[in-house]
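All chains are named by letter (A, B, ...) in the order of the sequence lines, taking the proteins before the strands, and each is independently numbered beginning at 1.
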Amino acid sequence: MSDTFTLDGDEIPFESGQTVMQAALAAGHYVPHLCYHPEFRPHGSCKVCTVKVNGRFATSCTLPAQAGLNVESNIDEVNAIRRTLVQMLFAEGNHFCPTCEKSGNCVLQALGYDLGVMTAGFRHLFPDRPVDASHPDILLDFNRCILCELCVRASCEVDGKCVFALAGRGITKHLIVNSESGRLVDTEVDLADKALSVCPVGVILVKRKGFAVPIGERRYDQSPISAQALADAPREPAAPAGRPCSSCEEGS
Amino acid sequence: MSEQVDLNAILDRHPRRPESLLQVLREVQEAAGGIPPGVDAEIAAALNVPLARVRGVAGFYSFLSLEPSGHYRVLFSDNITDRMLGNQELMQAMCGKLWLEPGRTSEDGLASVDFTSCTGMCDQGPAILVNGWAIPRMDGGRVDQVAELVLAQRPLAEWPRELFLVEDNVRRADVLLGHGLQPGDALRAAVARGADHQVEDAANSRSWREANVAAAQGPLATLEEIKRSNLRGRGGAGFTTGFKWEACRNAQGKGRYVVCNADEGEPGTFKDRVLLNSHADLVFEGMTVCAYVIGASQGFLYLRGEYRHLLEPLRETLARRRAVGLLGKSILGQAGFDFDIEIHLGAGAYVCGEESALIESLEGKRGIPRNRPPYPVSHGYLQQPTTVNNVETFCAAALIAVQGGDWYRAIGTAKSAGTKLLSVSGDCARPGIYEYPFGTPVRQVLEDCGAERTLAVQISGPSGICISADEFDRRIAFEDLPTAGAFMVFDNSRDMFEVARNFAQFFAHESCGFCTPCRVGTSMQKEIMDKIARGQGTKYDLDQLGQLDRVLQAASHCGLGHGACNPVLDTLKRFRPAYERRLKALTFQPAFDLDSALAEARRMTGRDDAGAHIRSES
Amino acid sequence: MSKLRVATTSLAGCFGCHTSFLDIDERLFDLLKLVEFDRTPLTDIKHCGPCDIGIVEGGICNAENVAVLREFRNNCKVLIAIGSCAVTGGLPAQRNHLDLGDCLSEVYLTEPGTSHGLIPNDPELPLPLDKVHPIHEVVKVDYFIPGCPPSGDAIWKFLTDLIAGRTPTLGHGLIKYD
């Protein structure tokens with residue numbers, strides 16, 4: 001008999017070592033999330049997966065599951081916080097969905113739809129973030145970066161290259177690449193890298209591939225992100241290819 | 001870059017491991033006034049880390065810069081207490097003397113002048129740092145003097161020593177500041193406790209000391225005294241020290257570590273500076289007692305970069321202790337009692353005061369708080385069991401090792417044993433260090449420090465609580481007003497809105513940026529406070545402050561975010577008129593001036609007709 | 001029941017949202033049973049009188065936009081931002097990381113063109129603001145309908161909810177940012 005906790009009144013079984021998020025997804029229950037990815041170590045920075053546990057707020061992607069926890073996720077109080085967090089991300093970066101290649105397949109956008117985000121609410125910061133188009137096959141549009149570190153994690157843990165890293169602090173924090181020139185073309189990046197496929201938003205783009213799927217047929221045109229929870233169920237961790245490094249990511 | 005840097009000499013002082021990255025960068029910065037182009041890549045190669053990580057770390061800490069920051073980098077401490085003493089005007093005067101703009105390095109690369117977060121000199125402010133070295137008690141004369149020294153390009157080593165003189169200003173001593181102990185007293189007492197103790201728990205014998213039958217029970221007996229004392233952490237959170245040590249001692253690991261948190265960054269706090277200046281032996285003694293109890297062989301003192309001036313004296317103290325057998329191999333002749341302490345210097349990041357961020361920083365990384373659990377007691381430095389305690393906690397532990405737990409718990413209140421050092425600053429006749437038994441009312445402190453017409457006291461810094469006159473009978477104690485020690489006094493001439501705005505600016509500057517709510521929320525809070533200060537605030541802005549607080553409280557990754565809205569909420573609750581009299585209207589107002597937004601277009605077109613202006617509405 | 005009075009306008013936008021509004025097709029007749037139009041591009045009324053609902057397309061990029069937006073806010077009980085430009089600044093806001101003076105120099109002075117080396121300064125022309133803003137940064141906005149443009153169905157659903165006194169909700173498929 002495995003242990004269980006409750007999530008919005010449902011019994012969720014879990015195995016030792018699983019987080020609340022992992023157990024919930026494995027049981028087919030969706031908890032909204034952005035920086036969490038089933039193939040990588042939980043990171044816990046976006047805070048969109050915030051839940052209420054025994055009356056206190058907690059980050060479900062990093063919280064170890066324990067028997068008897070009472071987890072509340074789909075309640076107004078929690079969704080209001082998630083909505084504000086998504087609004088903050090929209091206000092922080094330059095998110096122009098109408099011209100973004102990722103539109104329709106973007107996790108941030110899909111979360112906004114699901115949470116009913118109609119406006120960023122806050123003053124838009126309109127930061128100046130030049131794109132890096134130096135690489136012949138890959139474009140980096142930092143305007144859309146939400147600092148989830150999935151590319152950092154994938155490049156270090158799976159590709160063994162540490163192509164991406166974070167610099168700056170606070171509101172000036174930003175993504176950089178690992179080369180003396182600071183340009184992507186001078187890094188070890190390769191089209192086959194795992195890091196290129198994990199961006200939840202439209203920062204890392206393969207050139208000449210934009211708008212391949214017509215509007216209406218894109219991932220989140222078809223059904224809301226909450227209805228695609230099982231696709232996010234825990235998978236085997238991605239296999240390390242090169243020299244594994246786990247020390248570039250933050251707060252590990 | 002005006003100076004060449006001997007990178008190899010710096011690298012040779014450190015193990016060529018990734019953990020040395022921050023210390024190497026700090027020394028390069030000190031030697032060259034920045035991380036010169038190309039040197040970052042050499043460091044990356046030498047320490048075997050990606051270049052992007054070198055740049056990521058350099059960009060995280062305020063005192064490191066990848067851009068040249070001038071041969072002389074002058075930083076004005078910008079705590080509210082510095083502001084109350086006129087730091088803004090002095091900074092302007094300094095910029096005038098040096099012919100430069102705030103925050104910009106002069107064309108010739110000679111100097112830059114900027115603000116920095118509180119440098120821990122609140123009792124003798126306004127204070128500055130010149131290339132990391134503290135100069136307190138700034139006034140017009142000192143501004144002239146410093147500017148002349150800079151313009152004459154006199155090396156810092158040749159500047160008059162009295163400029164750098166930092167006072168202790170101890171105003172009230174109790175059992176801790178009046179300890180009277182000699183180096184080694186606490187350690188000898190701890191070891192001696194083993195002799196008259198019966199063997200009681202073989203299950204705990206994994207610690208190396210227990211292999212030495214003669215002294216088998218010293219660590220356990222000392223741990224027992226620490227637990228009996230009810231000592232709680234002095235950094236503010238108040239976790240029971242004995243339980244922490246016990247958990248660390250019992251955790252599985254390849255090695256254990258003792259870390260002293262001397263990253264005293266909470267604005268308004270400066271008691272650790274005094275302890276490290278005048279009671280360094282007691283601090284190291286407490287760390288060594290801890291090592292003895294938990295079975296650690298390596299310790300670190302994480303010293304905030306602002307206390308750079310204490311580095312060499314502290315290293316001398318460590319050398320003296322090694323020379324007399326109080327550090328190193330077989331301490332006090334006890335076989336297997338091996339322990340040494342290394343000093344790591346911070347580089348300007350308040351968040352590193354959070355213990356897991358401090359450990360990340362010790363490992364040479366960006367100071368980002370870790371996800372917890374697991375906690376440092378089981379997964380700390382290099383993922384090994386680590387005890388992190390405040391400077392004052394280690395001092396108290398050393399006292400307890402000598403005097404015993406019962407003696408200590410008899411001081412203070414039932415829930416708050418012992419004494420507390422307060423760093424008193426602001427509007428009072430005698431700012432400085434005051435040591436009181438826990439349970440002392442705020443009113444008593446105010447009387448003793450000579451505060452008059454007091455409007456408010458900020459207890460425990462911006463992360464703490466702001467109380468008003470009707471609360472001055474509240475007591476300094478974990479069960480009432482828990483505090484890391486800051487005690488900032490504001491009299492009735494002060495504007496509590498400006499106090500809160502200073503703190504909001506502080507949090508926005510110091511947010512590490514890891515989690516969304518704190519990274520974005522602290523900046524939004526600062527913007528709203530600045531908007532209200534400009535006279536453009538409305539009721540909607542007050543509502544939005546409340547909304548930010550709810551999200552930061554609920555969803556932030558660490559205490560910095562959880563408490564980042566406290567100063568605004570506390571002052572809104574207690575001093576609401578200070579906000580309301582600034583509000584422009586009850587109706588919505590933009591955060592920017594619409595007519596000013598046309599200025600550039602007017603300049604480019606040469607127009608100044610009525611249509612070239614937007615009148616303000618309300 | 002008297003009809004609700006509705007005004008609409010397009011500021012720094014492309015009129016795409018208005019075009020999409022017309023995509024409610026024959027439902028326009030149903031709508032006209034419930035509302036009457038004040039200032040809109042459909043009626044060609046030049047200034048907005050007292051209204052129940054104001055619908056604003058486009059962001060705020062110049063002095064005239066500010067004046068029109070204020071007219072709407074001062075006359076409309078409920079103000080709705082419609083479309084990406086009104087809600088986020090949209091495409092015009094992509095100039096926000098550029099210096100306005102540099103933009104004007106580049107367009108009128110540096111590059112070849114028809115301006116004869118002069119930046120137009122006719123008082124009839126509204127002066128551009130240094131940055132483009134979503135309308136909620138200039139006035140209080142009550143509701144937002146994102147989309148570039150929002151579909152006719154989204155606009156219909158939103159307005160019928162609002163007119164019926166329900167909190168407007170769009171739901172999956174109707175709420176779009178692109």
Among Gly147(C), Gly173(C), Gly171(C), Pro134(C), which residue forms the greatest number of heavy-atom pairs with chain A at distances under 4.5 Å? Pro134(C)

In terms of heavy-atom pairs under 4.5 Å, which option from Ile145(C), Leu91(C), Asp178(C) contacts chain A the most? Asp178(C)

Using non-hydrogen atoms and a 4.5 Å limit, figure out which bit of [X] sits close to chain A: side chain, backbone, both or neither.
X         : value
Leu170(C) : side chain
Ser84(C)  : side chain
Lys176(C) : both
Val132(C) : backbone
Ala81(C)  : neither

Interface moiety of [X] toward chain C, non-hydrogen atoms closer than 4.5 Å:
X         : answer
Phe122(A) : backbone
Asn94(A)  : neither
Thr99(A)  : side chain

Side chain of Arg218(A), backbone of Asn105(A): donor and acceptor closer than 3.5 Å?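 No; zero donor-acceptor contacts below 3.5 Å.
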
Considering only NZ, NE, NH1 and NH2 on the basic side and carboxylate oxygens on the acidic side, decide whether [X] and [Y] come within less than 4.0 Å.
X        : Y        : value
Asp52(C) : Lys77(C) : yes
Asp76(A) : Arg83(A) : no
Lys46(C) : Glu71(C) : no

Does the gap between the ring centers of Tyr113(A) and Tyr177(C) come in under 6.0 Å? yes

Judged by modelled atom types alone, do Thr88(C) and His95(A) share a side-chain donor-acceptor pair under 3.5 Å?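 No, because no side-chain N or O of Thr88(C) sits under 3.5 Å from a partner of the opposite role on His95(A).
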
Would you check if there is a donor-acceptor pair between the side chains of Asp132(A) and Ser134(A) at a distance under 3.5 Å? yes

Look at Ile215(A), Asp114(A), Asn143(A), Asp221(A) and state which one has the largest set of heavy-atom pairs under 4.5 Å with chain C.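 Option with the greatest count: Asp221(A).
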
Chain C shares the most heavy-atom pairs under 4.5 Å, among Ala120(A), Gly116(A), Gly112(A), Gly104(A), with Gly112(A)

Any side-chain heavy atom of Thr119(A) sitting closer than 4.5 Å to one from Val141(C)? no

